[in-house]
Amino acid sequence: MNKTISLVAALMMVSGSVAAQTFDEAFNAQRGMNGKGHSFTFEGKSYTTDHPEEVAAAAPANAANAKQLLADAKAQYAKALEVDFGWTLTKGLLSSANKALDAGEFRKSMELSARAQYHSRMGVAQYHQSQQEWLMAVPN
Amino acid sequence: MMNRRSVLKAVFTGGLVAGMGVLMPRVALAAWSKAAFQAESQEAAMGALYSAEPSASAQVTMKAPDIAENGAVVPVSVKSSLAGVTSIAIFVANNPQPLAAQFNIPEGTMADVSCRIRMGKTSQVTAVVTTASGEFSASKEVKVTIGGCGG
Amino acid sequence: MKIIKSLLAGASLALVASITQAATSGNTLASVDPEADRLALQSFFQKRFPQVPVDDYVNGIYALDAGSREQWEEIEEFPPYEFDVEEGEVLFNTPFANGKSYADCFANEGVGIRQNFPRWDESQGKVVTLESAINQCREANGEKKLGWKKGKIAQISAYMAYTSRDNVFDVQIPNDGAKAAYLDGKQSFYTRRGQLNMSCANCHVAGSNVLIRADLPGPALGHVTHFPVFRSKWGNLGTLHRRYAGCQSNVRGVSQKAQGEKLSNLEFFQTYMSNGLVVNGPGARK
Amino acid sequence: MAKGILRAKAKAKGDNTVVKIMAKHAMETGNRKDKSGNKIPAQFIQTLSVAHNGKTVMEANMGAAVSKNPYLAFTFVGGAKGDELQMTWTENTGASATETAKIK
């Protein structure tokens with residue numbers, strides 16, 4: 001019993017120095033506490049709390065990069081829809097990203113694409129996670 | 001679409017029997033008061049209908065929910081044990097036009113009416129009953145909340 | 001401090017318990033037991049709201065929320081769906097161009113049969129809801145399909161429900177095909193969707209005693225017995241699949257196709273959960 | 001006869017008659033806008049009067065704050081099963097009609 005308590009406590013009180021079980025857990029905890037643009041160490045290495053999409057969106061703002069990001073985001077959205085786990089705001093983000101691209105606002109377009117891509121990646125992740133976890137919600 | 005069509009149809013068929021209305025005996029009851037219904041404050045609406053401010057009375061009872069399920073359809077019932085009630089009116093203080101409805105109660109009809117009203121937001125709802133000896137009222141606050149699930 | 005500790009212990013126990021359960025039952029075709037699921041859901045609600053009789057759950061949220069119930073009873077004095085039932089009856093009895101009518105497509109000429117839907121159709125290999133049976137009937141007689149969410153289809157469905165009031169829901173799961181559809185619906189019900197990461201069950205089972213702003217969510221037991229519903233919010237009558245779409249986009253998920261396989265299976269599961277309760281549709285809701 | 005917009009449930013109970021009436025009507029307030037942003041003109045039932053044997057038993061004056069599909073319930077002394085009620089409604093547009101219902 002004590003063991004379980006301390007495990008849960010560790011999970012709940014995770015901080016930069018306390019090791020979580022996996023990188024994802026550590027990342028999520030850090031992101032949750034500090035938001036983006038924060039650095040932390042995990043098993044001796046240094047990482048930032050930025051999502052991969054945010055890292056991509058930080059690339060130089062130009063037409064080629066903005067176009068590429070938008071295409072990536074659209075492809076990711078298609079994947080989310082394929083597993084039936086699209087999110088409602090994604091479509092609007094994509095169309096705003098498209099408009100910003102046309103208007104030459106590359107930085108804005110890239111940030112919108114990044115958000116759309118993140119939503120879609122999470123939708124797909126949600127699909128996979130749900131396959132494993134849905135039964136936990138069934139009353140017995 | 002269908003709503004409008006059946007309404008139009010009713011209007012059309014209604015035209016044929018509208019003449020009958022003229023033949024029906026009319027009693028002297030308060031007509032639809034433009035000044036009262038279009039008034040934008042409760043004072044103005046009451047002023048258009050009554051000569052004096054209604055006084056609160058325990059003999060007027062109003063049934064209205066504490067929290068409205070949906071502001072678009074709020075059931076309200078008004079009842080009075082006062083003698084000789086000739087009119088019942090319902091006011092929603094915070095509506096754009098506070099007077100919601102006014103009922104003429106001829107002799108032989110009970111002072112007990114129910115209807116459903118719209119409320120834009122949380123407001124004091126007041127029922128006013130008219131008798132030979134003046135106006136009497138009851139009021140209560142009805143909360144209008146934002147629903148949890150839009151759907 | 002002590003309080004926090006015991007809270008943590010509780011949380012860890014719950015976590016462990018649900019994982020153990022997940023490992024064992026109800027998520028495969030071999031282990032899923034619809035009747036056990038139904039009884040488990042009933043007992044869940046009976047434990048949570050011991051004062052509410054099971055039969056009362058057909059009234060949805062009004063079984064639990066006294067303040068709302070009073071207003072609803074006022075509305076039911078002269079419910080707004082009466083016009084729709086009337087129009088549904090006219091539509092139902094209007095012959096198609098070929099001279100046939102809806103009555104020719106259904107058992108007992110379509111009267112008093114709501115409780116048998118949705119049903120597993122072996123020849124089509126899928127769940128057929130009442131609304132999809134209505135459209136199949138139209139197509140078989142050379143008529144165009146009706147839109148799924150509101151208008152005529154909801155009115156016809158409302159009339160058919162009205163003629164079936166007080167009949168007891170009796171959804172059958174005759175074979176493995178039906179069982180697979182049931183399981184799929186069950187999984188959908190408990191699967192988190194959308195940006196808010198919520199499942200049907202989050203609100204309508206586990207969250208059934210938690211306010212969402214000022215509202216309690218309707219309990220999952222008896223959830224579908226009163227459809228189609230006239231929602232004051234809509235200002236008109238709508239089908240169950242219209243409501244599903246609304247729920248799914250409320251949690252910021254792209255909603256699934258009305259009368260598609262997924263939602264039909266979900267309806268199949270949910271209606272099975274209400275087996276033994278009576279048809280009381282159409283209903284009036286806030 | 002084509003059905004009008006009113007539905008009535010009138011029941012004789014002892015010496016009294018309980019009347020419940022609902023009208024199928026949108027009760028447009030004039031404050032709403034359509035999808036293209038144009039104001040939807042006000043169109044609502046302004047008066048509804050009910051007569052039994054030629055005697056008015058209720059006269060309702062309504063504003064735009066009465067709900068869609070307006071509902072009205074009241075009780076009057078008298079009335080017997082089989083009697084007819086005459087119900088006359090008038091819209092703010094001037095349209096009007098008289099419909100009837102039987103007491104049950």
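Bear in mind that the values here come from a model prediction, so they are computed numbers and not experimental data. Just so it is clear: chains get the letters A, B, ... in the order the sequence lines come, proteins before strands, and each one is counted from 1.
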Surrounding CD of B/Glu107 (heavy atoms of other residues, nucleotides or ligands, distance under 6.0 Å), is the total greater than 12? no

Which value, rounded to the nearest 0.5 Å, describes the distance between B/Arg116 atom CZ and C/Ser232 atom OG? 9.0 Å

For B/Gln124, does the CD atom sit with more than 12 other heavy atoms under 6.0 Å from it, leaving out its own atoms? yes

Tell me, side chain or backbone of C/Glu70 under 4.5 Å from chain B's heavy atoms, or both, or neither? side chain

For B/Lys140, is the NZ atom crowded, meaning more than 12 foreign heavy atoms sit under 6.0 Å from it? yes

Can you tell which part of B/Lys143 gets under 4.5 Å to a heavy atom of chain C, answering side chain, backbone, both or neither? neither

Scanning both residues in full, the closest heavy-atom pair of B/Asn70 with C/Lys286 reads ND2-C, 3.7 Å

Is it the case that over 12 heavy atoms from other parts of the model lie below 6.0 angstrom from the OH atom of C/Tyr162? no

Counting only heavy atoms not in B/Glu53, do more than 12 sit closer than 6.0 Å to its CD atom? no

Interchain contact, C/Phe78 with chain B, by part (heavy-atom threshold 4.5 Å): both

Looking at CZ of C/Arg69 and CD of B/Glu69, how far apart are the two atoms once the value is rounded to the nearest 0.5 Å? 12.0 Å

For the atom pair CD (C/Glu74) and OG (B/Ser77), what is the distance rounded to the nearest 0.5 Å? 4.5 Å

Any chance NZ of B/Lys79 has more than 12 other-residue heavy atoms, nucleotides or ligands included, within less than 6.0 Å? no

